[in-house]
Amino acid sequence: MNRPAIVRTNTAELYDAYVMKNYNRAPLTLVRGQGVAVWDDTGREYLDFTSGVAVAALGHCHPVWVEAIRRQAGELIHVSNLFRHPNQGELARRLVRHAGPGRVFFCNSGTEANEGLIKLARLHGIRKSGEEGRCIKIICAKHAFHGRTFGGMSATPQEKVQKGFRPLVPGFAFGELNNLQSFADLVDEGTAAIFLETIQGEGGVTPCTDEFLWGVRQLCDQHNLLLMLDEVQCGLGRTGTFYAFQHSGVRTDAIGMAKGLAGGYPMGALWAAEKHAELFTPGSHGSTFGGTPLACAAALAVLDVIERENLLEKVKANGVAWKTELEQLVAEFPRQVKAVTGRGYMIGLVLQSEPPPYLAALREAGLLAVVAGGNSIRLLPPLIATREHLDRATAILRSVLANKAAV
Ligand SMILES: *Cc1c(COP(=O)(O)O)cnc(C)c1O
(Lines give C-alpha, C1' and ligand atoms only; values in the text may rest on other atoms or scores of the structure.)
Protein backbone atom coordinates (compact mmCIF):
# COMPACT_ATOMS: atom_id res chain seq x y z
CA MET A 1 0.00 0.00 0.00
CA ASN A 2 1.24 3.46 -0.83
CA ARG A 3 1.47 6.02 1.91
CA PRO A 4 -0.60 9.10 1.20
CA ALA A 5 1.51 11.98 -0.08
CA ILE A 6 2.79 14.22 2.69
CA VAL A 7 0.97 17.54 2.65
CA ARG A 8 3.90 19.90 2.30
CA THR A 9 2.27 23.12 3.45
CA ASN A 10 1.68 21.47 6.78
CA THR A 11 5.24 20.65 7.76
CA ALA A 12 6.14 23.93 9.47
CA GLU A 13 2.93 23.74 11.50
CA LEU A 14 3.65 20.15 12.51
CA TYR A 15 7.10 21.15 13.76
CA ASP A 16 5.58 24.08 15.62
CA ALA A 17 3.00 21.87 17.28
CA TYR A 18 4.80 18.60 17.94
CA VAL A 19 8.59 18.73 17.64
CA MET A 20 10.72 19.78 20.62
CA LYS A 21 12.11 23.26 20.31
CA ASN A 22 15.78 22.50 20.96
CA TYR A 23 16.97 23.64 17.51
CA ASN A 24 17.05 26.90 15.61
CA ARG A 25 16.07 25.38 12.30
CA ALA A 26 16.41 27.09 8.96
CA PRO A 27 12.95 27.87 7.51
CA LEU A 28 13.38 25.24 4.88
CA THR A 29 11.69 21.88 4.30
CA LEU A 30 13.90 19.53 2.31
CA VAL A 31 12.26 16.69 0.44
CA ARG A 32 14.84 15.22 -1.96
CA GLY A 33 18.56 14.94 -2.52
CA GLN A 34 20.88 13.77 -5.28
CA GLY A 35 24.65 14.08 -5.12
CA VAL A 36 25.59 17.56 -3.90
CA ALA A 37 22.06 18.92 -4.49
CA VAL A 38 18.98 19.00 -2.28
CA TRP A 39 15.51 20.29 -3.14
CA ASP A 40 12.97 21.98 -0.92
CA ASP A 41 9.20 21.50 -0.97
CA THR A 42 8.75 24.31 -3.50
CA GLY A 43 11.12 22.60 -5.92
CA ARG A 44 14.04 24.95 -5.29
CA GLU A 45 17.50 23.44 -5.62
CA TYR A 46 20.38 24.09 -3.22
CA LEU A 47 24.05 23.23 -3.22
CA ASP A 48 24.37 21.28 0.03
CA PHE A 49 27.64 22.22 1.72
CA THR A 50 26.35 20.94 5.06
CA SER A 51 26.25 17.24 4.08
CA GLY A 52 23.89 16.88 7.04
CA VAL A 53 26.76 18.17 9.22
CA ALA A 54 29.56 16.14 7.67
CA VAL A 55 27.47 12.97 7.48
CA ALA A 56 26.51 12.45 3.84
CA ALA A 57 30.06 11.59 2.78
CA LEU A 58 28.96 10.35 -0.64
CA GLY A 59 26.40 13.10 -1.08
CA HIS A 60 22.74 12.24 -1.24
CA CYS A 61 21.50 8.90 -2.53
CA HIS A 62 24.74 7.66 -4.09
CA PRO A 63 23.66 4.65 -6.21
CA VAL A 64 26.26 2.27 -4.71
CA TRP A 65 25.21 3.21 -1.17
CA VAL A 66 21.48 3.02 -1.92
CA GLU A 67 21.91 -0.40 -3.53
CA ALA A 68 23.97 -1.72 -0.58
CA ILE A 69 21.25 -0.67 1.87
CA ARG A 70 18.46 -2.05 -0.33
CA ARG A 71 20.18 -5.39 -0.70
CA GLN A 72 21.05 -5.72 3.00
CA ALA A 73 17.56 -4.61 4.10
CA GLY A 74 16.11 -7.51 2.15
CA GLU A 75 18.57 -9.98 3.66
CA LEU A 76 19.17 -9.23 7.35
CA ILE A 77 18.88 -5.93 9.18
CA HIS A 78 19.57 -6.59 12.86
CA VAL A 79 20.76 -9.52 14.95
CA SER A 80 22.26 -7.77 18.06
CA ASN A 81 25.79 -8.35 19.27
CA LEU A 82 24.87 -11.75 20.70
CA PHE A 83 25.87 -13.10 17.29
CA ARG A 84 28.46 -12.49 14.59
CA HIS A 85 27.67 -11.10 11.18
CA PRO A 86 30.10 -11.00 8.22
CA ASN A 87 29.61 -7.25 7.62
CA GLN A 88 30.77 -6.22 11.10
CA GLY A 89 33.91 -8.34 10.91
CA GLU A 90 34.76 -6.99 7.47
CA LEU A 91 34.13 -3.35 8.45
CA ALA A 92 36.30 -3.73 11.56
CA ARG A 93 39.09 -5.16 9.40
CA ARG A 94 38.89 -2.23 6.99
CA LEU A 95 38.93 0.37 9.80
CA VAL A 96 41.87 -1.32 11.51
CA ARG A 97 43.71 -1.25 8.18
CA HIS A 98 43.43 2.55 8.24
CA ALA A 99 43.95 3.14 11.97
CA GLY A 100 46.66 0.58 12.72
CA PRO A 101 46.83 -2.66 14.74
CA GLY A 102 43.96 -2.67 17.19
CA ARG A 103 40.24 -3.35 17.55
CA VAL A 104 36.93 -1.65 16.86
CA PHE A 105 33.73 -1.28 18.86
CA PHE A 106 30.56 -0.23 17.03
CA CYS A 107 27.85 2.07 18.31
CA ASN A 108 25.37 4.53 16.86
CA SER A 109 26.53 8.12 17.20
CA GLY A 110 29.47 10.39 17.88
CA THR A 111 28.66 11.03 21.48
CA GLU A 112 28.32 7.29 22.08
CA ALA A 113 31.73 6.67 20.51
CA ASN A 114 33.15 9.29 22.86
CA GLU A 115 31.43 7.71 25.88
CA GLY A 116 33.34 4.56 24.93
CA LEU A 117 36.60 6.52 24.86
CA ILE A 118 35.89 8.07 28.26
CA LYS A 119 35.18 4.62 29.68
CA LEU A 120 38.39 3.33 28.10
CA ALA A 121 40.30 6.13 29.86
CA ARG A 122 38.75 5.10 33.19
CA LEU A 123 39.86 1.50 32.64
CA HIS A 124 43.34 2.71 31.72
CA GLY A 125 43.36 4.74 34.95
CA ILE A 126 42.69 1.60 36.97
CA ARG A 127 45.44 -0.28 35.13
CA LYS A 128 47.77 2.60 35.86
CA SER A 129 46.97 3.29 39.52
CA GLY A 130 45.74 -0.13 40.58
CA GLU A 131 42.59 1.37 42.02
CA GLU A 132 39.17 2.50 40.80
CA GLY A 133 38.50 6.23 41.04
CA ARG A 134 42.04 7.37 41.67
CA CYS A 135 43.21 8.09 38.14
CA ILE A 136 40.28 9.55 36.22
CA LYS A 137 41.33 12.95 34.91
CA ILE A 138 40.88 13.53 31.20
CA ILE A 139 42.38 16.71 29.80
CA CYS A 140 40.40 18.21 26.91
CA ALA A 141 40.66 21.49 25.03
CA LYS A 142 38.79 24.73 25.49
CA HIS A 143 36.13 25.27 22.79
CA ALA A 144 35.93 21.49 22.28
CA PHE A 145 32.74 19.71 21.33
CA HIS A 146 32.41 16.02 22.17
CA GLY A 147 28.65 15.44 22.27
CA ARG A 148 25.47 15.77 24.30
CA THR A 149 25.41 12.77 26.62
CA PHE A 150 26.79 13.25 30.12
CA GLY A 151 30.33 12.16 29.32
CA GLY A 152 30.54 14.04 26.03
CA MET A 153 28.89 17.11 27.54
CA SER A 154 31.27 17.07 30.51
CA ALA A 155 34.15 17.08 28.01
CA THR A 156 32.58 20.08 26.22
CA PRO A 157 33.41 23.28 28.13
CA GLN A 158 30.75 25.45 26.50
CA GLU A 159 28.16 27.21 28.62
CA LYS A 160 25.43 26.74 26.00
CA VAL A 161 26.00 22.98 26.11
CA GLN A 162 26.42 22.48 29.87
CA LYS A 163 24.01 25.06 31.26
CA GLY A 164 21.14 23.49 33.16
CA PHE A 165 22.65 20.03 33.37
CA ARG A 166 25.10 20.27 36.24
CA PRO A 167 26.43 18.41 38.17
CA LEU A 168 28.47 16.97 35.34
CA VAL A 169 30.74 13.92 35.27
CA PRO A 170 33.81 14.75 37.38
CA GLY A 171 37.40 14.56 36.23
CA PHE A 172 37.58 16.81 33.17
CA ALA A 173 40.14 19.60 32.85
CA PHE A 174 40.72 21.96 29.94
CA GLY A 175 43.86 23.31 28.33
CA GLU A 176 44.31 25.86 25.55
CA LEU A 177 44.35 24.19 22.15
CA ASN A 178 47.81 24.35 20.56
CA ASN A 179 49.37 25.47 23.85
CA LEU A 180 51.31 22.42 25.01
CA GLN A 181 52.41 24.00 28.27
CA SER A 182 48.78 24.57 29.30
CA PHE A 183 48.19 20.83 28.93
CA ALA A 184 51.44 19.87 30.65
CA ASP A 185 50.46 22.09 33.60
CA LEU A 186 47.26 20.05 34.11
CA VAL A 187 48.91 16.61 34.16
CA ASP A 188 49.19 14.97 37.57
CA GLU A 189 49.21 11.51 39.18
CA GLY A 190 45.47 11.22 38.68
CA THR A 191 45.51 11.87 34.93
CA ALA A 192 44.43 9.07 32.60
CA ALA A 193 44.15 10.62 29.15
CA ILE A 194 44.28 13.59 26.81
CA PHE A 195 41.25 13.84 24.56
CA LEU A 196 41.16 16.15 21.54
CA GLU A 197 39.35 16.81 18.31
CA THR A 198 42.11 16.70 15.71
CA ILE A 199 40.27 19.60 14.10
CA GLN A 200 37.70 21.32 16.29
CA GLY A 201 34.38 21.51 14.46
CA GLU A 202 31.43 22.96 16.36
CA GLY A 203 33.70 25.34 18.29
CA GLY A 204 34.97 26.92 15.06
CA VAL A 205 37.11 25.07 12.53
CA THR A 206 40.39 25.02 14.44
CA PRO A 207 43.01 22.35 13.72
CA CYS A 208 45.57 21.07 16.20
CA THR A 209 48.98 22.03 14.82
CA ASP A 210 51.31 19.13 14.00
CA GLU A 211 53.76 20.48 16.54
CA PHE A 212 51.10 20.46 19.25
CA LEU A 213 49.97 16.91 18.41
CA TRP A 214 53.56 15.68 18.56
CA GLY A 215 54.07 17.47 21.87
CA VAL A 216 50.91 15.94 23.30
CA ARG A 217 52.07 12.52 22.12
CA GLN A 218 55.32 12.98 23.98
CA LEU A 219 53.51 14.20 27.08
CA CYS A 220 51.27 11.10 26.98
CA ASP A 221 54.29 8.82 26.62
CA GLN A 222 56.08 10.49 29.53
CA HIS A 223 53.12 10.17 31.90
CA ASN A 224 51.48 6.97 30.63
CA LEU A 225 48.35 8.78 29.37
CA LEU A 226 46.12 7.67 26.52
CA LEU A 227 46.05 10.03 23.56
CA MET A 228 42.45 9.81 22.36
CA LEU A 229 41.34 11.67 19.24
CA ASP A 230 37.75 12.63 18.46
CA GLU A 231 37.57 12.23 14.68
CA VAL A 232 33.77 12.14 14.65
CA GLN A 233 33.65 15.12 12.28
CA CYS A 234 37.14 15.47 10.77
CA GLY A 235 37.73 11.75 10.14
CA LEU A 236 36.55 9.40 7.40
CA GLY A 237 38.19 11.23 4.51
CA ARG A 238 36.90 14.72 5.22
CA THR A 239 40.34 16.33 5.12
CA GLY A 240 41.85 14.19 2.35
CA THR A 241 43.38 11.53 4.57
CA PHE A 242 41.28 8.74 6.09
CA TYR A 243 41.81 10.24 9.56
CA ALA A 244 42.76 13.88 10.01
CA PHE A 245 45.60 13.05 12.43
CA GLN A 246 47.35 11.16 9.62
CA HIS A 247 48.45 14.50 8.14
CA SER A 248 50.73 14.88 11.17
CA GLY A 249 52.02 11.31 11.23
CA VAL A 250 51.43 11.14 14.99
CA ARG A 251 50.49 7.84 16.67
CA THR A 252 47.22 7.73 18.62
CA ASP A 253 45.92 5.26 21.22
CA ALA A 254 42.23 5.53 20.46
CA ILE A 255 39.91 7.17 17.92
CA GLY A 256 36.24 8.11 18.08
CA MET A 257 34.38 8.26 14.77
CA ALA A 258 30.80 8.58 13.54
CA LYS A 259 29.29 11.24 11.27
CA GLY A 260 30.52 10.26 7.79
CA LEU A 261 31.19 6.63 8.66
CA ALA A 262 28.02 5.12 7.19
CA GLY A 263 27.26 8.02 4.86
CA GLY A 264 23.95 9.01 6.47
CA TYR A 265 22.96 5.83 8.21
CA PRO A 266 23.46 6.39 11.98
CA MET A 267 26.69 4.75 13.09
CA GLY A 268 29.56 5.38 15.46
CA ALA A 269 32.71 3.44 16.23
CA LEU A 270 35.75 3.57 18.37
CA TRP A 271 39.11 2.12 17.58
CA ALA A 272 41.76 1.40 20.20
CA ALA A 273 45.30 0.10 19.83
CA GLU A 274 45.60 -3.56 20.75
CA LYS A 275 46.93 -3.17 24.31
CA HIS A 276 44.16 -0.70 25.19
CA ALA A 277 41.38 -2.49 23.33
CA GLU A 278 41.86 -5.47 25.66
CA LEU A 279 40.75 -3.29 28.60
CA PHE A 280 37.19 -3.96 27.49
CA THR A 281 36.22 -7.47 28.57
CA PRO A 282 32.93 -9.34 28.11
CA GLY A 283 30.14 -7.43 29.79
CA SER A 284 32.10 -4.22 30.38
CA HIS A 285 30.58 -2.28 27.49
CA GLY A 286 27.95 -2.79 24.85
CA SER A 287 25.27 -1.47 22.51
CA THR A 288 22.08 -3.14 21.34
CA PHE A 289 22.07 -1.49 17.94
CA GLY A 290 25.85 -1.15 17.48
CA GLY A 291 27.20 -2.45 14.18
CA THR A 292 24.07 -3.96 12.70
CA PRO A 293 24.39 -5.77 9.37
CA LEU A 294 22.55 -2.82 7.76
CA ALA A 295 24.71 -0.08 9.30
CA CYS A 296 27.86 -2.01 8.38
CA ALA A 297 26.64 -2.54 4.82
CA ALA A 298 26.15 1.23 4.49
CA ALA A 299 29.63 1.92 5.90
CA LEU A 300 31.25 -0.68 3.65
CA ALA A 301 29.63 1.01 0.65
CA VAL A 302 31.09 4.34 1.79
CA LEU A 303 34.57 2.83 2.11
CA ASP A 304 34.22 1.09 -1.28
CA VAL A 305 33.32 4.33 -3.05
CA ILE A 306 36.05 6.30 -1.26
CA GLU A 307 38.59 3.75 -2.52
CA ARG A 308 37.16 3.12 -6.00
CA GLU A 309 36.69 6.79 -6.82
CA ASN A 310 39.98 7.76 -5.22
CA LEU A 311 38.18 10.34 -3.10
CA LEU A 312 40.97 10.90 -0.58
CA GLU A 313 43.36 12.13 -3.28
CA LYS A 314 40.62 14.24 -4.86
CA VAL A 315 39.58 15.85 -1.57
CA LYS A 316 43.22 16.58 -0.77
CA ALA A 317 44.02 18.18 -4.14
CA ASN A 318 40.69 20.00 -4.56
CA GLY A 319 40.85 21.18 -0.97
CA VAL A 320 44.24 22.83 -1.42
CA ALA A 321 43.06 24.67 -4.56
CA TRP A 322 39.75 25.64 -2.94
CA LYS A 323 41.38 27.07 0.15
CA THR A 324 43.57 29.27 -2.04
CA GLU A 325 40.42 30.52 -3.82
CA LEU A 326 38.68 31.19 -0.52
CA GLU A 327 41.69 33.08 0.81
CA GLN A 328 41.12 35.48 -2.08
CA LEU A 329 37.83 36.36 -0.38
CA VAL A 330 39.70 37.45 2.73
CA ALA A 331 41.79 39.77 0.57
CA GLU A 332 38.72 41.08 -1.29
CA PHE A 333 36.41 41.49 1.70
CA PRO A 334 38.60 42.10 4.75
CA ARG A 335 35.77 43.89 6.56
CA GLN A 336 33.55 40.80 6.27
CA VAL A 337 35.98 37.85 6.39
CA LYS A 338 38.85 37.50 8.80
CA ALA A 339 40.39 34.16 7.86
CA VAL A 340 39.95 30.75 6.25
CA THR A 341 40.69 27.75 8.45
CA GLY A 342 40.63 23.96 8.15
CA ARG A 343 41.68 21.71 5.31
CA GLY A 344 40.22 19.47 2.64
CA TYR A 345 36.43 19.57 2.73
CA MET A 346 36.27 20.88 6.30
CA ILE A 347 36.65 24.60 5.89
CA GLY A 348 35.86 27.46 8.24
CA LEU A 349 35.24 31.02 7.10
CA VAL A 350 35.92 33.22 10.10
CA LEU A 351 33.66 36.27 9.81
CA GLN A 352 34.04 39.69 11.37
CA SER A 353 30.47 39.50 12.70
CA GLU A 354 27.71 37.03 13.62
CA PRO A 355 27.16 34.29 11.00
CA PRO A 356 23.33 33.96 10.92
CA PRO A 357 22.65 36.83 8.46
CA TYR A 358 25.32 35.41 6.16
CA LEU A 359 23.90 31.90 6.37
CA ALA A 360 20.46 33.23 5.47
CA ALA A 361 21.84 35.20 2.51
CA LEU A 362 23.78 32.17 1.28
CA ARG A 363 20.65 30.05 1.55
CA GLU A 364 18.72 32.65 -0.46
CA ALA A 365 21.46 32.44 -3.07
CA GLY A 366 21.26 28.63 -3.15
CA LEU A 367 24.09 27.50 -0.86
CA LEU A 368 23.57 25.65 2.43
CA ALA A 369 26.33 25.95 5.05
CA VAL A 370 26.67 25.34 8.80
CA VAL A 371 27.26 27.77 11.64
CA ALA A 372 30.19 27.18 14.03
CA GLY A 373 31.62 28.89 17.09
CA GLY A 374 33.93 31.88 16.93
CA ASN A 375 31.77 33.61 14.27
CA SER A 376 32.63 30.93 11.73
CA ILE A 377 30.72 29.45 8.86
CA ARG A 378 31.53 25.82 8.18
CA LEU A 379 31.68 24.52 4.62
CA LEU A 380 31.35 20.75 4.59
CA PRO A 381 30.72 19.56 1.02
CA PRO A 382 30.28 15.84 0.45
CA LEU A 383 33.50 14.04 -0.49
CA ILE A 384 32.14 13.52 -4.02
CA ALA A 385 32.00 17.29 -4.66
CA THR A 386 34.05 18.24 -7.73
CA ARG A 387 36.07 21.36 -8.52
CA GLU A 388 32.98 22.68 -10.35
CA HIS A 389 30.84 22.35 -7.21
CA LEU A 390 33.48 24.10 -5.12
CA ASP A 391 33.77 26.88 -7.71
CA ARG A 392 30.00 27.38 -7.71
CA ALA A 393 30.02 27.67 -3.92
CA THR A 394 32.90 30.14 -4.04
CA ALA A 395 30.99 32.25 -6.60
CA ILE A 396 27.91 32.31 -4.37
CA LEU A 397 30.04 33.27 -1.36
CA ARG A 398 31.66 36.06 -3.37
CA SER A 399 28.30 37.48 -4.48
CA VAL A 400 26.87 37.37 -0.94
CA LEU A 401 30.00 39.04 0.50
CA ALA A 402 29.87 41.71 -2.23
CA ASN A 403 26.24 42.43 -1.31
CA LYS A 404 27.07 42.66 2.38
CA ALA A 405 30.02 44.92 1.60
CA ALA A 406 27.73 47.23 -0.41
CA VAL A 407 25.26 47.90 2.42
C1 LIG B 1 29.01 15.83 16.01
C2 LIG B 1 30.13 15.59 16.93
C3 LIG B 1 29.96 14.80 18.08
C4 LIG B 1 28.64 14.24 18.49
O5 LIG B 1 28.13 13.35 17.55
P6 LIG B 1 26.59 12.89 17.66
O7 LIG B 1 26.47 11.84 16.60
O8 LIG B 1 25.76 14.10 17.41
O9 LIG B 1 26.39 12.35 19.02
C10 LIG B 1 31.08 14.55 18.85
N11 LIG B 1 32.29 15.04 18.52
C12 LIG B 1 32.47 15.80 17.42
C13 LIG B 1 33.84 16.30 17.09
C14 LIG B 1 31.40 16.11 16.60
O15 LIG B 1 31.59 16.88 15.53
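It should be emphasised that the depicted structure is a prediction, and the values quoted were computed from it without experimental measurement. Order of listing sets the numbers, starting from 1, for every ligand and every atom in it.
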**Q** Backbone or side chain, does any N or O of D230 fall under 3.5 Å from an N or O of ligand 1?
**A** yes
**Q** I need the atoms of ligand 1 closer than 4.0 Å to a non-hydrogen atom of E197, numbered in the order shown.
**A** 13 (C)
**Q** Measure the distance from atom 7 (O) of ligand 1 to every protein heavy atom, then report the residue, atom name and distance (to 0.1 Å) of the closest one.
**A** G110 N, 2.8 Å
**Q** Using distance alone, with no hydrogens and no angle criterion, decide if R127 and H124 have a side-chain donor and acceptor under 3.5 Å apart.
**A** yes
**Q** Would you mind checking which non-hydrogen protein atom is closest to atom 2 (C) of ligand 1, with the distance to 0.1 Å?
**A** K259 NZ, 2.4 Å
**Q** Between T386 and E388, is any side-chain donor less than 3.5 angstrom from a side-chain acceptor?
**A** yes
**Q** Between the main-chain N or O of E364 and the side-chain N or O of R44, is there a donor-acceptor pair closer than 3.5 Å?
**A** yes
**Q** Between ligand 1 and H146, is the shortest N or O to N or O distance under 3.5 Å?
**A** no
**Q** Check the side chains of T239 and H247 for a donor-acceptor pair under 3.5 angstrom, ignoring hydrogens and angles.
**A** yes
**Q** Out of all atoms in ligand 1, which are within 4.0 Å of some heavy atom of N114? Include the element for each.
**A** 10 (C), 11 (N)
**Q** Within the 4.0 Å heavy-atom shell around S109, which atoms of ligand 1 are there?
**A** 7 (O), 9 (O)
**Q** How far is atom 4 (C) of ligand 1 from its nearest protein heavy atom, and which residue and atom is that?
**A** T111 N, 3.7 Å
**Q** Determine whether the side chains of S248 and W214 contain a donor N or O and an acceptor N or O closer than 3.5 Å.
**A** no
**Q** Going from OG1 on T198 to CG on L229, what distance comes out if it is rounded to the nearest 0.5 angstrom?
**A** 4.0 Å
